[in-house]
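Have a look at the structure below, then the notes.
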2 protein chains.
Amino acid sequence: MKRKFSYSMDPPKILVSGFIFVIFLGAYLLTLPVATKDGEGHSFLNALFTSTSATCVTGLVVVDTGTTFTTFGQLVILSLIQIGGLGFMTFATLFAFLIRKRISLKERLILQEAFNYVTIEGVVRMVKRVVLFTFVCEVVGGILLAIRFSFDMSIGKAAYYGFFHAISNFNNAGFDLMGEYRSLTGYVEDPLVVLVICSLIIIGGIGFVVINEVYEYRQTKRVSLHTKLVLLTTSILVGGGTILIFLLEFHNPKTLEPLSWSGKFLGSLFQAVTARTAGSNTLNIPDLANTTLFLIVFLMFIGASPGSTGGGIKTTTFATLVGAMLSQIKGKEEVVFFKRRMDHKLIYKSLTVILSSLSVVIIVTMILTVTEPGKEFLMILFEATSAFATTGLSMGLTPDLSPVGKVIIIMTMFTGRLGPLTLAIALTLNRRPDPFRYAEEKIMIG
Amino acid sequence: MKRKFSYSMDPPKILVSGFIFVIFLGAYLLTLPVATKDGEGHSFLNALFTSTSATCVTGLVVVDTGTTFTTFGQLVILSLIQIGGLGFMTFATLFAFLIRKRISLKERLILQEAFNYVTIEGVVRMVKRVVLFTFVCEVVGGILLAIRFSFDMSIGKAAYYGFFHAISNFNNAGFDLMGEYRSLTGYVEDPLVVLVICSLIIIGGIGFVVINEVYEYRQTKRVSLHTKLVLLTTSILVGGGTILIFLLEFHNPKTLEPLSWSGKFLGSLFQAVTARTAGSNTLNIPDLANTTLFLIVFLMFIGASPGSTGGGIKTTTFATLVGAMLSQIKGKEEVVFFKRRMDHKLIYKSLTVILSSLSVVIIVTMILTVTEPGKEFLMILFEATSAFATTGLSMGLTPDLSPVGKVIIIMTMFTGRLGPLTLAIALTLNRRPDPFRYAEEKIMIG
Ligand SMILES: [K+]
Ligand SMILES: [K+]
């Protein structure tokens with residue numbers, strides 16, 4: 001099986017080279033005079049930053065999207081978001097699908113012949129479903145938002161704004177057209193905008209494997225461990241995040257205090273949801289308390305679910321690690337969730353994902369404390385985590401970044417978007433045992 | 001074996017209750033009027049803080065040790081340091097020794113009879129060795145420091161200062177008598193003081209198991225994996241830390257810039273060494289660049305080696321995790337160091353130690369950002385890590401802590417000192433398999 005695919009599909013290479021091509025194409029388009037309102041085009045470094053941020057669905061911006069770019073420039077950004085988000089989700093879904101097929105012993109042994117059929121037919125069907133699903137979500141969200149926006153602006157502009165923000169948020173991209181880096185702060189108490197966008201973010205960030213399973217549930221009557229873990233972890237993080245933000249910001253005169261009770265709830269919910277790496281915001285991020293900001297750093301680092309438009313180490317990775325820790329503390333040999341045992345390899349994979357992610361965030365933070373002297377540490381940690389987890393929330397550092405700082409953040413966004421997945425792919429494909437086994441020896445730990 | 005010991009030795013309980021008893025006794029003695037120079041005794045909360053800090057060999061102080069306490073008070077603190085440091089090291093060594101015996105299948109099968117003999121005789125011999133070794137190091141260090149200090153003060157005071165600082169630093173306690181929270185900043189360019197104290201810190205923090213092995217090497221001609229990993233990791237962290245601090249602080253006019261080349265080197269070395277949870281300092285910590293401070297947070301978190309007077313997650317834990325990560329990235333099934341394979345259980349134990357430690361530091365940091373409003377985030381993260389890793393370095397937050405903040409730090413120091421070890425003990429003693437095995441199921445990671 002492996003040999004058959006190896007000439008035509010080397011997944012990490014396709015993904016990496018495809019992304020690089022799209023990013024540079026986008027950067028080129030944004031340097032054209034027609035892209036910016038001042039008629040001069042974007043500088044190359046800023047164009048590369050914006051293009052990377054859009055393609056990696058991050059949302060960190062060195063200039064304000066609404067006031068800097070022409071409609072052409074904005075549509076370039078929107079296309080990059082759609083290509084980046086959909087491309088990544090499709091690719092990840094397909095990969096999960098192929099991998100699942102490959103390791104299914106039953107199919108290998110019994111349905112060997114059918115395997116090729118399944119991969120080819122299955123691939124086509126799956127791609128169709130992902131595209132259709134994305135289209136439906138974005139259209140429904142776009143219409144709802146357009147209706148709401150039409151009370152504040154002309155119908156044409158409302159439609160444009162509705163679809164732009166629906167696409168941006170479904171793809172967890174965090175770009176907005178509101179101007180002056182305002183994001184959605186004007187709609188903090190608006191239930192329709194908050195709930196529609198929260199829904200788009202969550203659905204976009206939950207992963208197509210989960211969506212597909214829910215869709216097929218009527219026939220299969222089966223919920224996988226993966227889906228259970230994703231739903232459980234997402235609920236805990238969103239629920240816990242909302243409650244904590246509500247409590248921490250309740251008396252903050254710059255954020256929740258002036259709002260009504262429902263406004264306070266919607267504001268807390270939105271900020272908890274956007275931390276699953278969406279990047280829009282309805283409260284002004286630098287006004288939040290340090291505790292809240294650190295909580296958001298934590299939530300951003302965990303991020304969304306595998307095979308979605310979101311980033312971070314992923315909910316399942318986090319759940320696996322917490323499960324492994326609790327099992328150990330209880331003295332159990334195995335990690336068990338919902339009466340299902342987890343393979344040791346998955347725990348190692350989670351360990352690798354969290355350690356490599358922590359290393360990137362720590363190293364990037366250290367470098368930025370050198371390149372951006374005088375900036376508050378939390379601001380730098382926040383920005384580094386936001387870039388790595390492709391969240392796009394910012395305490396305001398990005399527009400002030402030094403050129404070296406911009407290059408660092410560009411590389412961080414790219415690593416963050418590709419890192420965990422390509423790593424997971426590499427780990428899955430190239431795994432091979434040592435030629436022989438060394439003798440074991442114990443050491444003292446902790 | 002287990003049954004025989006269970007009535008007389010339940011290690012975590014002995015350790016925890018013994019520590020609590022010593023801490024409260026010390027706190028009581030420090031509240032006596034004879035303990036402080038103002039003749040009023042320490043307030044109970046401050047006395048509890050100081051006693052916990054001394055017994056847990058941390059070194060965080062709410063008041064300056066040299067100027068606040070009488071000689072009686074200082075000797076109480078010194079006794080707590082010696083009891084805490086030696087008690088912990090002895091206990092950890094014995095435990096490692098007993099555990100090693102217990103799991104040695106060869107001895108269980110062949111030398112069943114000899115086992116009791118080994119545990120009883122071996123325990124006595126090991127305790128004697130630990131005590132003797134500690135005594136020799138402290139006396140040699142004390143004499144060398146006293147000679148140096150005698151140039152600056154009377155012979156009697158120099159002897160007292162010499163032994164106080166030798167004991168404090170061998171036990172990685174970080175208390176000093178220099179006054180005004182100065183620590184050893186007056187000796188930043190002094191090769192004798194720097195090198196003697198660095199040696200005491202490193203020897204005290206390397207773990208008696210390693211020392212014992214070096215001592216026995218002439219007969220055994222064997223170096224264990226444990227010792228190799230400890231020596232390798234310690235060298236890399238001290239060497240790398242020194243180089244990075246040298247580069248980062250080279251042009252800092254408040255730290256290294258005014259010093260000679262050798263002074264710059266000694267200053268960098270000392271700060272890199274003290275971060276293996278000793279807590280003395282020769283550069284003024286708040287004057288360091290943010291990058292250096294974050295680097296020190298990282299080094300403190302890793303800390304010293306198992307079964308030593310130092311804290312942190314420990315060098316072997318860090319090495320195991322890095323090894324596991326690199327093996328995974330290379331697609332290997334096993335973690336191999338120096339041609340020795342590591343058991344999966346050790347990797348899980350390391351995972352548990354790092355995750356539980358990270359959780360404590362993150363939670364304590366979050367709570368302190370609430371209880372200490374307006375304080376810089378990095379200062380709080382630094383203090384939380386320092387307390388957890390029982391390092392005792394401070395950017396200056398401790399003396400300004402609110403009463404709630406003090407209680408939090410007291411609990412953190414206690415947890416940090418006992419946490420990883422008791423956890424490791426609990427994991428080793430109470431491990432039992434699940435009654436039955438659940439079916440395995442895969443999920444997507446990363
Ligand atoms: K984003
Ligand atoms: K210490």
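Each chain gets a letter, A, B and so on, in the order its sequence line appears, and its residues count up from 1.
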remark   = Bottom line for A/L368: the part with an atom under 4.5 Å from chain B's heavy atoms is neither
Chain B contact via A/I367 - side chain, backbone, both or neither, heavy atoms under 4.5 Å = neither
task = Can you label the angle between the A/H344 ring and the B/Y348 ring as parallel, tilted or perpendicular, going by 30° and 60°?
result = perpendicular
Can you tell which of [options] has the highest number of heavy-atom pairs within less than 4.5 Å of chain B?
{"options": "A/V230, A/I380, A/V370", "result": "A/V370"}
{"options": "A/F337, A/F298, A/F377", "result": "A/F377"}
{"options": "A/T369, A/L295, A/T365", "result": "A/T369"}

query = Got a second to check how far B/I354's CD1 is from A/I354's CD1, nearest 0.5 Å?
reply = 7.5 Å
remark   = Bottom line for B/L381: the part with an atom under 4.5 Å from chain A's heavy atoms is side chain
note = Greatest number of non-hydrogen atom pairs under 4.5 angstrom with chain A, of B/I347, B/T315, B/L358, falls to B/I347
task = Could you tell me which residues satisfy salt bridge (charged side-chain N to carboxylate O under 4.0 Å, His left out) with B/K228, sequence neighbours excluded, listed by chain and number?
result = none
query = Between A/L351 and B/A324, which heavy-atom pair has the shortest distance, and what is it?
reply = CD2-CB, 3.9 Å
request  = Heavy atoms only: give me the nearest B/M325-A/S356 pair and the separation to one decimal.
outcome  = SD-N, 3.5 Å
request  = For chain A, find its close neighbours in residues 285-294 of chain B: heavy-atom separation under 4.5 Å, sorted by number, or none.
outcome  = B/N290, B/T291, B/F294
